[in-house]
There are 2 protein chains.
Amino acid sequence: MAEDEGTTESRAERKERTRRAILDAALALAADSNLAAISLRQVAKQVGVVPTAFYRHFGSLELLGLALVDESFRSLRLMLLDVWRHAPEYRDFIDGSLPIVADHVRDNRSHYAFIARERVAGPPRVREAINHEIALITRELSTDIARSGAAEQYSSTDIGLLADLIVSFVVTMAERLVEDPDSEARTLDQARTQLRMLLVGALNWRSREPADGGR
Amino acid sequence: MAEDEGTTESRAERKERTRRAILDAALALAADSNLAAISLRQVAKQVGVVPTAFYRHFGSLELLGLALVDESFRSLRLMLLDVWRHAPEYRDFIDGSLPIVADHVRDNRSHYAFIARERVAGPPRVREAINHEIALITRELSTDIARSGAAEQYSSTDIGLLADLIVSFVVTMAERLVEDPDSEARTLDQARTQLRMLLVGALNWRSREPADGGR
DNA sequence: TTGTTCAGTGAACGTGTGTTCACTCAATAG
DNA sequence: CTATTGAGTGAACACACGTTCACTGAACAA
(Lines give C-alpha, C1' and ligand atoms only; values in the text may rest on other atoms or scores of the structure.)
Protein backbone atom coordinates (compact mmCIF):
# COMPACT_ATOMS: atom_id res chain seq x y z
CA MET A 1 0.00 0.00 0.00
CA ALA A 2 2.08 2.92 1.30
CA GLU A 3 -0.13 5.91 0.53
CA ASP A 4 0.67 9.31 2.04
CA GLU A 5 3.33 10.04 4.69
CA GLY A 6 6.69 9.52 3.05
CA THR A 7 8.13 8.07 6.30
CA THR A 8 6.25 4.80 5.96
CA GLU A 9 8.53 1.80 6.45
CA SER A 10 7.83 -1.67 5.23
CA ARG A 11 8.19 -4.56 7.62
CA ALA A 12 11.21 -5.97 5.75
CA GLU A 13 12.90 -2.57 5.73
CA ARG A 14 12.45 -2.18 9.46
CA LYS A 15 13.88 -5.64 10.08
CA GLU A 16 16.89 -4.97 7.88
CA ARG A 17 17.49 -1.69 9.72
CA THR A 18 17.58 -3.47 13.08
CA ARG A 19 19.80 -6.18 11.67
CA ARG A 20 22.29 -3.59 10.48
CA ALA A 21 22.16 -1.87 13.86
CA ILE A 22 22.99 -5.17 15.56
CA LEU A 23 25.90 -5.84 13.21
CA ASP A 24 27.26 -2.34 13.76
CA ALA A 25 26.82 -2.52 17.52
CA ALA A 26 28.65 -5.84 17.72
CA LEU A 27 31.44 -4.47 15.53
CA ALA A 28 31.81 -1.43 17.78
CA LEU A 29 31.68 -3.36 21.05
CA ALA A 30 34.09 -6.05 19.87
CA ALA A 31 36.54 -3.31 18.87
CA ASP A 32 37.28 -2.70 22.56
CA SER A 33 38.09 -6.37 23.19
CA ASN A 34 36.82 -9.12 20.90
CA LEU A 35 33.82 -11.13 19.85
CA ALA A 36 34.18 -13.87 22.46
CA ALA A 37 34.33 -11.29 25.24
CA ILE A 38 31.15 -9.38 24.49
CA SER A 39 27.63 -10.37 25.44
CA LEU A 40 24.34 -10.58 23.67
CA ARG A 41 22.87 -8.21 26.24
CA GLN A 42 25.53 -5.55 25.66
CA VAL A 43 24.76 -5.66 21.95
CA ALA A 44 21.01 -5.43 22.58
CA LYS A 45 21.45 -2.51 24.95
CA GLN A 46 23.64 -0.66 22.45
CA VAL A 47 21.06 -1.17 19.72
CA GLY A 48 18.32 0.03 22.04
CA VAL A 49 16.37 -3.16 21.90
CA VAL A 50 15.41 -5.83 24.40
CA PRO A 51 17.83 -8.82 24.65
CA THR A 52 15.31 -11.30 23.30
CA ALA A 53 14.92 -9.35 20.08
CA PHE A 54 18.46 -10.40 19.16
CA TYR A 55 17.26 -13.93 18.44
CA ARG A 56 14.94 -12.68 15.69
CA HIS A 57 18.09 -11.92 13.68
CA PHE A 58 20.89 -14.24 14.79
CA GLY A 59 20.86 -17.56 16.61
CA SER A 60 24.03 -16.71 18.52
CA LEU A 61 26.94 -14.29 18.66
CA GLU A 62 28.98 -16.81 16.68
CA LEU A 63 26.52 -16.69 13.78
CA LEU A 64 26.60 -12.91 14.02
CA GLY A 65 30.37 -13.21 13.68
CA LEU A 66 30.06 -15.35 10.57
CA ALA A 67 27.74 -12.73 9.06
CA LEU A 68 30.37 -10.07 9.75
CA VAL A 69 33.05 -12.21 8.10
CA ASP A 70 30.77 -12.56 5.12
CA GLU A 71 30.10 -8.89 4.61
CA SER A 72 33.73 -7.98 5.28
CA PHE A 73 35.00 -10.27 2.55
CA ARG A 74 32.21 -9.38 0.15
CA SER A 75 33.45 -5.80 0.31
CA LEU A 76 37.08 -6.88 0.20
CA ARG A 77 36.57 -8.92 -2.96
CA LEU A 78 35.03 -5.95 -4.73
CA MET A 79 38.12 -3.99 -3.83
CA LEU A 80 40.33 -6.75 -5.20
CA LEU A 81 38.54 -6.51 -8.54
CA ASP A 82 39.72 -2.92 -8.62
CA VAL A 83 43.25 -4.05 -7.83
CA TRP A 84 43.38 -6.60 -10.65
CA ARG A 85 41.86 -4.02 -12.98
CA HIS A 86 44.23 -1.16 -12.10
CA ALA A 87 47.35 -3.31 -12.20
CA PRO A 88 47.58 -4.79 -15.65
CA GLU A 89 51.11 -3.54 -16.01
CA TYR A 90 53.69 -5.61 -14.22
CA ARG A 91 55.89 -2.57 -13.87
CA ASP A 92 53.72 -0.50 -11.55
CA PHE A 93 51.90 -3.42 -10.02
CA ILE A 94 52.85 -2.30 -6.52
CA ASP A 95 52.25 1.43 -6.94
CA GLY A 96 48.90 0.70 -8.52
CA SER A 97 47.70 -1.80 -5.92
CA LEU A 98 48.86 -0.63 -2.53
CA PRO A 99 46.97 2.69 -2.47
CA ILE A 100 43.74 0.91 -3.36
CA VAL A 101 44.21 -1.53 -0.50
CA ALA A 102 45.14 1.30 1.87
CA ASP A 103 42.07 3.30 0.89
CA HIS A 104 39.85 0.32 1.50
CA VAL A 105 41.38 -0.38 4.88
CA ARG A 106 40.91 3.26 5.87
CA ASP A 107 37.28 3.27 4.73
CA ASN A 108 36.49 -0.03 6.43
CA ARG A 109 38.70 0.10 9.48
CA SER A 110 36.29 -1.61 11.84
CA HIS A 111 35.78 -4.53 9.48
CA TYR A 112 39.51 -5.03 8.99
CA ALA A 113 40.09 -4.77 12.72
CA PHE A 114 37.43 -7.41 13.20
CA ILE A 115 39.01 -9.75 10.65
CA ALA A 116 42.53 -9.25 12.04
CA ARG A 117 41.39 -10.02 15.59
CA GLU A 118 38.98 -12.86 14.97
CA ARG A 119 41.30 -14.57 12.53
CA VAL A 120 43.43 -15.66 15.47
CA ALA A 121 41.24 -15.06 18.52
CA GLY A 122 37.68 -15.68 17.37
CA PRO A 123 35.48 -18.71 17.86
CA PRO A 124 36.82 -21.71 15.87
CA ARG A 125 34.17 -21.52 13.14
CA VAL A 126 34.84 -17.82 12.64
CA ARG A 127 38.60 -18.38 12.47
CA GLU A 128 37.97 -21.15 9.98
CA ALA A 129 35.74 -18.99 7.79
CA ILE A 130 38.31 -16.19 7.70
CA ASN A 131 41.23 -18.46 6.91
CA HIS A 132 39.19 -20.09 4.17
CA GLU A 133 38.48 -16.71 2.56
CA ILE A 134 42.16 -15.78 2.71
CA ALA A 135 43.10 -19.12 1.17
CA LEU A 136 40.68 -18.44 -1.69
CA ILE A 137 42.24 -15.06 -2.32
CA THR A 138 45.71 -16.61 -2.29
CA ARG A 139 44.57 -19.12 -4.87
CA GLU A 140 43.18 -16.33 -7.04
CA LEU A 141 46.43 -14.43 -6.81
CA SER A 142 48.28 -17.59 -7.81
CA THR A 143 46.28 -18.03 -11.02
CA ASP A 144 46.66 -14.33 -11.71
CA ILE A 145 50.42 -14.51 -11.37
CA ALA A 146 50.51 -17.63 -13.52
CA ARG A 147 48.37 -15.94 -16.18
CA SER A 148 49.90 -12.49 -16.40
CA GLY A 149 53.48 -13.40 -15.49
CA ALA A 150 55.78 -15.90 -17.08
CA ALA A 151 53.79 -19.00 -16.28
CA GLU A 152 56.19 -21.59 -17.61
CA GLN A 153 59.26 -20.06 -16.05
CA TYR A 154 58.24 -21.01 -12.53
CA SER A 155 56.70 -24.17 -11.14
CA SER A 156 53.11 -23.85 -10.00
CA THR A 157 54.29 -24.79 -6.51
CA ASP A 158 56.63 -21.83 -6.41
CA ILE A 159 53.96 -19.52 -7.76
CA GLY A 160 51.69 -20.65 -4.94
CA LEU A 161 54.41 -19.99 -2.38
CA LEU A 162 55.01 -16.54 -3.82
CA ALA A 163 51.30 -15.72 -3.74
CA ASP A 164 51.13 -16.88 -0.14
CA LEU A 165 54.13 -14.73 0.71
CA ILE A 166 52.49 -11.68 -0.82
CA VAL A 167 49.09 -12.26 0.78
CA SER A 168 50.67 -12.88 4.18
CA PHE A 169 52.62 -9.68 3.85
CA VAL A 170 49.57 -7.66 2.85
CA VAL A 171 47.63 -9.12 5.78
CA THR A 172 50.42 -7.98 8.09
CA MET A 173 50.39 -4.55 6.49
CA ALA A 174 46.63 -4.28 6.87
CA GLU A 175 46.99 -5.21 10.55
CA ARG A 176 49.42 -2.33 10.97
CA LEU A 177 47.23 0.16 9.14
CA VAL A 178 44.39 -0.82 11.45
CA GLU A 179 46.49 -0.73 14.62
CA ASP A 180 48.02 2.67 13.94
CA PRO A 181 46.04 4.65 11.35
CA ASP A 182 48.02 7.82 12.00
CA SER A 183 51.19 6.29 10.55
CA GLU A 184 49.47 5.26 7.35
CA ALA A 185 51.84 7.19 5.09
CA ARG A 186 54.97 5.75 6.68
CA THR A 187 53.57 2.22 6.87
CA LEU A 188 52.64 2.38 3.19
CA ASP A 189 56.04 3.72 2.25
CA GLN A 190 57.84 0.92 4.03
CA ALA A 191 55.43 -1.68 2.69
CA ARG A 192 56.08 -0.49 -0.87
CA THR A 193 59.81 -0.97 -0.48
CA GLN A 194 59.36 -4.33 1.21
CA LEU A 195 57.03 -5.57 -1.51
CA ARG A 196 59.65 -4.53 -4.06
CA MET A 197 62.30 -6.51 -2.18
CA LEU A 198 59.98 -9.46 -2.25
CA LEU A 199 59.29 -9.20 -5.97
CA VAL A 200 62.97 -8.76 -6.75
CA GLY A 201 63.44 -12.08 -5.01
CA ALA A 202 60.74 -13.64 -7.12
CA LEU A 203 62.21 -12.28 -10.37
CA ASN A 204 65.67 -13.61 -9.59
CA TRP A 205 64.39 -16.86 -8.17
CA ARG A 206 64.73 -19.57 -10.78
CA SER A 207 67.96 -18.16 -12.11
CA ARG A 208 69.61 -19.12 -8.83
CA GLU A 209 68.00 -22.52 -8.42
CA PRO A 210 68.50 -25.70 -10.46
CA ALA A 211 65.48 -25.86 -12.78
CA ASP A 212 63.10 -28.74 -12.10
CA GLY A 213 59.78 -27.15 -12.99
CA GLY A 214 58.83 -25.46 -16.25
CA ARG A 215 56.46 -28.34 -17.09
CA MET B 1 63.07 -26.64 60.61
CA ALA B 2 62.59 -29.20 57.86
CA GLU B 3 63.42 -32.26 59.92
CA ASP B 4 61.76 -35.55 59.02
CA GLU B 5 59.15 -36.00 56.28
CA GLY B 6 60.88 -35.17 52.99
CA THR B 7 57.65 -33.59 51.74
CA THR B 8 58.06 -30.45 53.80
CA GLU B 9 57.47 -27.32 51.72
CA SER B 10 58.63 -23.86 52.55
CA ARG B 11 56.18 -20.99 52.47
CA ALA B 12 57.82 -19.39 49.44
CA GLU B 13 57.86 -22.68 47.58
CA ARG B 14 54.18 -23.20 48.20
CA LYS B 15 53.38 -19.69 46.97
CA GLU B 16 55.43 -20.15 43.82
CA ARG B 17 53.70 -23.45 43.17
CA THR B 18 50.27 -21.80 43.32
CA ARG B 19 51.48 -18.94 41.16
CA ARG B 20 52.63 -21.38 38.50
CA ALA B 21 49.32 -23.24 38.72
CA ILE B 22 47.46 -19.97 38.13
CA LEU B 23 49.64 -19.10 35.14
CA ASP B 24 49.15 -22.56 33.65
CA ALA B 25 45.41 -22.55 34.30
CA ALA B 26 44.99 -19.17 32.64
CA LEU B 27 47.08 -20.33 29.68
CA ALA B 28 44.92 -23.43 29.30
CA LEU B 29 41.59 -21.64 29.69
CA ALA B 30 42.54 -18.81 27.34
CA ALA B 31 43.51 -21.39 24.72
CA ASP B 32 39.81 -22.13 24.14
CA SER B 33 38.99 -18.46 23.53
CA ASN B 34 41.23 -15.66 24.80
CA LEU B 35 42.37 -13.75 27.83
CA ALA B 36 39.64 -11.10 27.73
CA ALA B 37 36.97 -13.79 27.60
CA ILE B 38 37.94 -15.80 30.66
CA SER B 39 37.14 -14.99 34.26
CA LEU B 40 39.09 -14.84 37.46
CA ARG B 41 36.68 -17.38 38.94
CA GLN B 42 37.24 -19.90 36.14
CA VAL B 43 40.97 -19.66 36.73
CA ALA B 44 40.56 -20.07 40.49
CA LYS B 45 38.28 -23.07 40.04
CA GLN B 46 40.72 -24.73 37.65
CA VAL B 47 43.57 -24.21 40.11
CA GLY B 48 41.42 -25.60 42.90
CA VAL B 49 41.55 -22.48 44.99
CA VAL B 50 39.01 -19.94 46.18
CA PRO B 51 38.52 -16.87 43.91
CA THR B 52 39.91 -14.45 46.45
CA ALA B 53 43.22 -16.30 46.60
CA PHE B 54 43.90 -15.08 43.06
CA TYR B 55 44.57 -11.57 44.37
CA ARG B 56 47.48 -12.82 46.49
CA HIS B 57 49.36 -13.37 43.23
CA PHE B 58 48.03 -10.98 40.58
CA GLY B 59 46.10 -7.74 40.84
CA SER B 60 44.05 -8.54 37.75
CA LEU B 61 43.83 -10.82 34.74
CA GLU B 62 45.58 -8.15 32.72
CA LEU B 63 48.63 -8.25 35.00
CA LEU B 64 48.53 -12.04 34.78
CA GLY B 65 48.65 -11.57 31.02
CA LEU B 66 51.69 -9.31 31.26
CA ALA B 67 53.44 -11.97 33.37
CA LEU B 68 52.69 -14.54 30.67
CA VAL B 69 54.10 -12.23 28.01
CA ASP B 70 57.19 -11.85 30.14
CA GLU B 71 57.88 -15.51 30.61
CA SER B 72 57.05 -16.31 26.98
CA PHE B 73 59.60 -13.86 25.66
CA ARG B 74 62.21 -14.76 28.28
CA SER B 75 62.12 -18.29 26.88
CA LEU B 76 61.97 -17.06 23.30
CA ARG B 77 65.07 -14.89 23.71
CA LEU B 78 67.04 -17.85 25.01
CA MET B 79 66.03 -19.73 21.90
CA LEU B 80 67.15 -16.81 19.73
CA LEU B 81 70.62 -16.98 21.31
CA ASP B 82 70.76 -20.52 19.98
CA VAL B 83 69.72 -19.27 16.56
CA TRP B 84 72.42 -16.60 16.39
CA ARG B 85 74.95 -19.13 17.64
CA HIS B 86 74.04 -21.91 15.20
CA ALA B 87 73.89 -19.64 12.17
CA PRO B 88 77.26 -18.00 11.79
CA GLU B 89 77.45 -19.10 8.20
CA TYR B 90 75.44 -16.99 5.81
CA ARG B 91 75.10 -19.96 3.52
CA ASP B 92 72.99 -22.22 5.71
CA PHE B 93 71.44 -19.44 7.75
CA ILE B 94 67.94 -20.67 6.97
CA ASP B 95 68.52 -24.39 7.38
CA GLY B 96 70.25 -23.75 10.66
CA SER B 97 67.65 -21.40 12.12
CA LEU B 98 64.23 -22.67 11.10
CA PRO B 99 64.42 -26.05 12.84
CA ILE B 100 65.43 -24.39 16.10
CA VAL B 101 62.45 -22.06 15.89
CA ALA B 102 60.15 -24.93 14.97
CA ASP B 103 61.38 -27.03 17.90
CA HIS B 104 60.80 -24.18 20.28
CA VAL B 105 57.30 -23.54 18.97
CA ARG B 106 56.48 -27.24 19.34
CA ASP B 107 57.84 -27.36 22.89
CA ASN B 108 56.06 -24.17 23.93
CA ARG B 109 52.89 -24.34 21.89
CA SER B 110 50.60 -22.82 24.51
CA HIS B 111 52.88 -19.84 25.01
CA TYR B 112 53.13 -19.16 21.29
CA ALA B 113 49.38 -19.56 20.90
CA PHE B 114 48.95 -17.05 23.70
CA ILE B 115 51.32 -14.55 22.08
CA ALA B 116 49.75 -14.95 18.64
CA ARG B 117 46.24 -14.39 20.01
CA GLU B 118 46.87 -11.62 22.49
CA ARG B 119 49.12 -9.71 20.11
CA VAL B 120 46.01 -8.66 18.19
CA ALA B 121 43.12 -9.48 20.54
CA GLY B 122 44.46 -8.95 24.04
CA PRO B 123 43.99 -6.03 26.40
CA PRO B 124 45.76 -2.90 25.10
CA ARG B 125 48.65 -3.08 27.57
CA VAL B 126 49.25 -6.73 26.71
CA ARG B 127 49.19 -6.01 22.97
CA GLU B 128 51.60 -3.17 23.59
CA ALA B 129 54.00 -5.33 25.58
CA ILE B 130 54.05 -8.02 22.89
CA ASN B 131 54.57 -5.58 20.04
CA HIS B 132 57.36 -3.94 22.00
CA GLU B 133 59.15 -7.26 22.45
CA ILE B 134 58.80 -8.04 18.75
CA ALA B 135 60.15 -4.61 17.87
CA LEU B 136 63.18 -5.26 20.08
CA ILE B 137 63.86 -8.55 18.34
CA THR B 138 63.55 -6.86 14.94
CA ARG B 139 66.09 -4.29 16.04
CA GLU B 140 68.45 -7.04 17.17
CA LEU B 141 68.12 -8.80 13.85
CA SER B 142 68.87 -5.53 12.10
CA THR B 143 72.17 -5.04 13.91
CA ASP B 144 72.98 -8.69 13.34
CA ILE B 145 72.40 -8.36 9.61
CA ALA B 146 74.42 -5.16 9.55
CA ARG B 147 77.28 -6.83 11.43
CA SER B 148 77.52 -10.21 9.74
CA GLY B 149 76.38 -9.19 6.26
CA ALA B 150 77.69 -6.51 3.97
CA ALA B 151 76.89 -3.53 6.17
CA GLU B 152 78.00 -0.80 3.83
CA GLN B 153 76.33 -2.25 0.78
CA TYR B 154 72.83 -1.49 2.02
CA SER B 155 71.42 1.54 3.76
CA SER B 156 70.50 1.01 7.40
CA THR B 157 66.94 1.85 6.48
CA ASP B 158 66.81 -1.01 4.02
CA ILE B 159 68.40 -3.37 6.52
CA GLY B 160 65.68 -2.45 8.98
CA LEU B 161 62.99 -3.11 6.40
CA LEU B 162 64.52 -6.47 5.56
CA ALA B 163 64.71 -7.44 9.23
CA ASP B 164 61.07 -6.43 9.66
CA LEU B 165 60.13 -8.50 6.63
CA ILE B 166 61.88 -11.55 8.05
CA VAL B 167 60.47 -11.17 11.55
CA SER B 168 56.95 -10.64 10.20
CA PHE B 169 57.28 -13.74 8.10
CA VAL B 170 58.55 -15.84 11.00
CA VAL B 171 55.69 -14.59 13.17
CA THR B 172 53.26 -15.71 10.47
CA MET B 173 55.01 -19.06 10.25
CA ALA B 174 54.85 -19.51 14.02
CA GLU B 175 51.12 -18.72 13.91
CA ARG B 176 50.67 -21.51 11.38
CA LEU B 177 52.73 -24.01 13.35
CA VAL B 178 50.56 -23.25 16.36
CA GLU B 179 47.28 -23.39 14.44
CA ASP B 180 48.01 -26.69 12.74
CA PRO B 181 50.79 -28.63 14.47
CA ASP B 182 50.15 -31.75 12.39
CA SER B 183 51.33 -30.02 9.22
CA GLU B 184 54.59 -28.93 10.79
CA ALA B 185 56.78 -30.67 8.22
CA ARG B 186 54.94 -29.17 5.24
CA THR B 187 54.70 -25.72 6.81
CA LEU B 188 58.43 -25.75 7.52
CA ASP B 189 59.24 -26.90 4.01
CA GLN B 190 57.23 -24.12 2.45
CA ALA B 191 58.62 -21.56 4.87
CA ARG B 192 62.17 -22.56 3.98
CA THR B 193 61.55 -21.96 0.30
CA GLN B 194 59.75 -18.70 0.99
CA LEU B 195 62.55 -17.44 3.20
CA ARG B 196 64.98 -18.27 0.39
CA MET B 197 62.88 -16.26 -2.05
CA LEU B 198 62.96 -13.39 0.38
CA LEU B 199 66.72 -13.53 0.85
CA VAL B 200 67.30 -13.79 -2.89
CA GLY B 201 65.38 -10.53 -3.11
CA ALA B 202 67.60 -9.00 -0.46
CA LEU B 203 70.81 -10.16 -2.17
CA ASN B 204 69.75 -8.71 -5.53
CA TRP B 205 68.26 -5.60 -4.02
CA ARG B 206 70.69 -2.73 -4.41
CA SER B 207 71.89 -3.94 -7.77
CA ARG B 208 68.46 -3.19 -9.20
CA GLU B 209 67.94 0.14 -7.49
CA PRO B 210 69.72 3.45 -8.13
CA ALA B 211 72.22 3.71 -5.30
CA ASP B 212 71.54 6.50 -2.84
CA GLY B 213 72.71 4.91 0.40
CA GLY B 214 75.96 3.05 0.95
CA ARG B 215 77.40 6.17 2.69
C1' DT C 1 58.20 -20.49 73.50
C1' DT C 2 55.74 -16.45 71.80
C1' DG C 3 54.27 -13.15 68.43
C1' DT C 4 53.98 -11.96 63.59
C1' DT C 5 53.23 -12.67 58.77
C1' DC C 6 50.46 -13.86 55.03
C1' DA C 7 48.53 -17.62 51.53
C1' DG C 8 44.28 -19.31 51.40
C1' DT C 9 39.15 -19.39 53.26
C1' DG C 10 34.13 -18.57 52.99
C1' DA C 11 30.26 -15.58 53.23
C1' DA C 12 28.13 -11.78 51.27
C1' DC C 13 27.08 -7.84 47.99
C1' DG C 14 25.12 -6.02 43.72
C1' DT C 15 25.21 -6.77 39.04
C1' DG C 16 25.40 -9.17 34.45
C1' DT C 17 24.68 -13.41 31.97
C1' DG C 18 21.93 -16.66 28.26
C1' DT C 19 17.59 -18.44 27.47
C1' DT C 20 12.43 -19.52 28.25
C1' DC C 21 7.93 -17.98 27.71
C1' DA C 22 3.56 -15.76 26.96
C1' DC C 23 2.47 -11.24 25.27
C1' DT C 24 1.40 -7.09 21.99
C1' DC C 25 0.14 -4.79 18.05
C1' DA C 26 1.29 -2.91 13.39
C1' DA C 27 2.26 -4.45 8.67
C1' DT C 28 0.70 -7.65 5.61
C1' DA C 29 -2.27 -11.28 2.93
C1' DG C 30 -6.73 -12.98 1.61
C1' DC D 1 -12.91 -5.94 6.55
C1' DT D 2 -10.79 -9.92 8.83
C1' DA D 3 -7.13 -13.24 9.91
C1' DT D 4 -2.35 -14.13 10.10
C1' DT D 5 2.31 -13.20 10.70
C1' DG D 6 6.35 -11.98 13.16
C1' DA D 7 9.56 -8.08 15.13
C1' DG D 8 9.93 -6.47 19.42
C1' DT D 9 8.39 -6.69 24.68
C1' DG D 10 9.01 -7.67 29.63
C1' DA D 11 9.07 -10.80 33.41
C1' DA D 12 11.31 -14.55 35.25
C1' DC D 13 14.87 -18.32 35.88
C1' DA D 14 19.15 -20.08 37.72
C1' DC D 15 23.58 -19.10 37.50
C1' DA D 16 28.39 -16.61 36.99
C1' DC D 17 30.74 -12.40 37.70
C1' DG D 18 34.45 -9.11 40.38
C1' DT D 19 35.40 -7.39 44.72
C1' DT D 20 34.95 -6.55 49.93
C1' DC D 21 35.85 -8.24 54.33
C1' DA D 22 36.92 -10.57 58.61
C1' DC D 23 38.80 -15.07 59.37
C1' DT D 24 42.16 -19.17 60.09
C1' DG D 25 46.27 -21.57 60.82
C1' DA D 26 50.75 -23.07 59.38
C1' DA D 27 55.42 -21.28 58.39
C1' DC D 28 58.44 -18.15 60.13
C1' DA D 29 61.51 -14.66 63.09
C1' DA D 30 62.78 -13.45 67.72
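Note that the structure is a prediction, hence the values are computed from the model and not measured. All chains are named by letter (A, B, ...) in the order of the sequence lines, taking the proteins before the strands, and each is independently numbered beginning at 1. Note: hydrogens, waters and symmetry copies are ignored here, and every other heavy atom, side chains too, is used.
Rounded to the nearest 0.5 Å, atoms CG (B/L195) and CD (B/Q190) are 12.5 Å apart.
Residue A/T18 has a polar side-chain atom (N or O) positioned under 4.0 Å from OP1 or OP2 of D/dG8. Distances shorter than 4.0 Å separate none of the side-chain N or O atoms of B/S10 from OP1 or OP2 on D/dA27.
Looking at which nucleotide of DNA chain D each of B/Q42 and B/A12 is closest to, the 5′-most match is held by B/Q42. Between A/R56 and A/R41, the residue anchored nearer the 5' end of DNA chain D, judged by the nucleotide with its closest heavy atom, is A/R56.
For B/S39, whose side chain is taken as the heavy atoms from C-beta onward, the closest listed nucleotide among C/dT17, D/dG18, D/dA27 is D/dG18. In the set C/dG18, D/dT9, C/dT9, D/dT9 carries the atom at the smallest distance from any side-chain atom of A/A53. Minimum atom distance to the side chain of A/R11 is reached by D/dT5, of the listed C/dC6, D/dT5, D/dG10.
As judged by a 4.0 angstrom heavy-atom cut-off over every strand, A/V49 is placed among residues touching the sugar-phosphate backbone only. At the heavy-atom level, A/T52 lies under 4.0 Å from base atoms of the strands shown.
Between the A/E118 side chain and the A/P123 main chain, no donor and acceptor come within less than 3.5 Å of each other. At least one donor-acceptor pair under 3.5 Å links the side chain of B/T172 to the backbone N or O of B/S168.
Atom CG of A/L29 and atom P of C/dT17 are 10 Å apart (whole Å). Look at CZ on B/F58: it is 17 Å from C1' on D/dG18, rounded to the nearest Å. Rounded to an integer number of Å, the gap from NZ of B/K15 to C1' of D/dG25 is 17 Å.
No side-chain N or O of A/D144 forms a donor-acceptor pair with one of A/W84 less than 3.5 Å apart.
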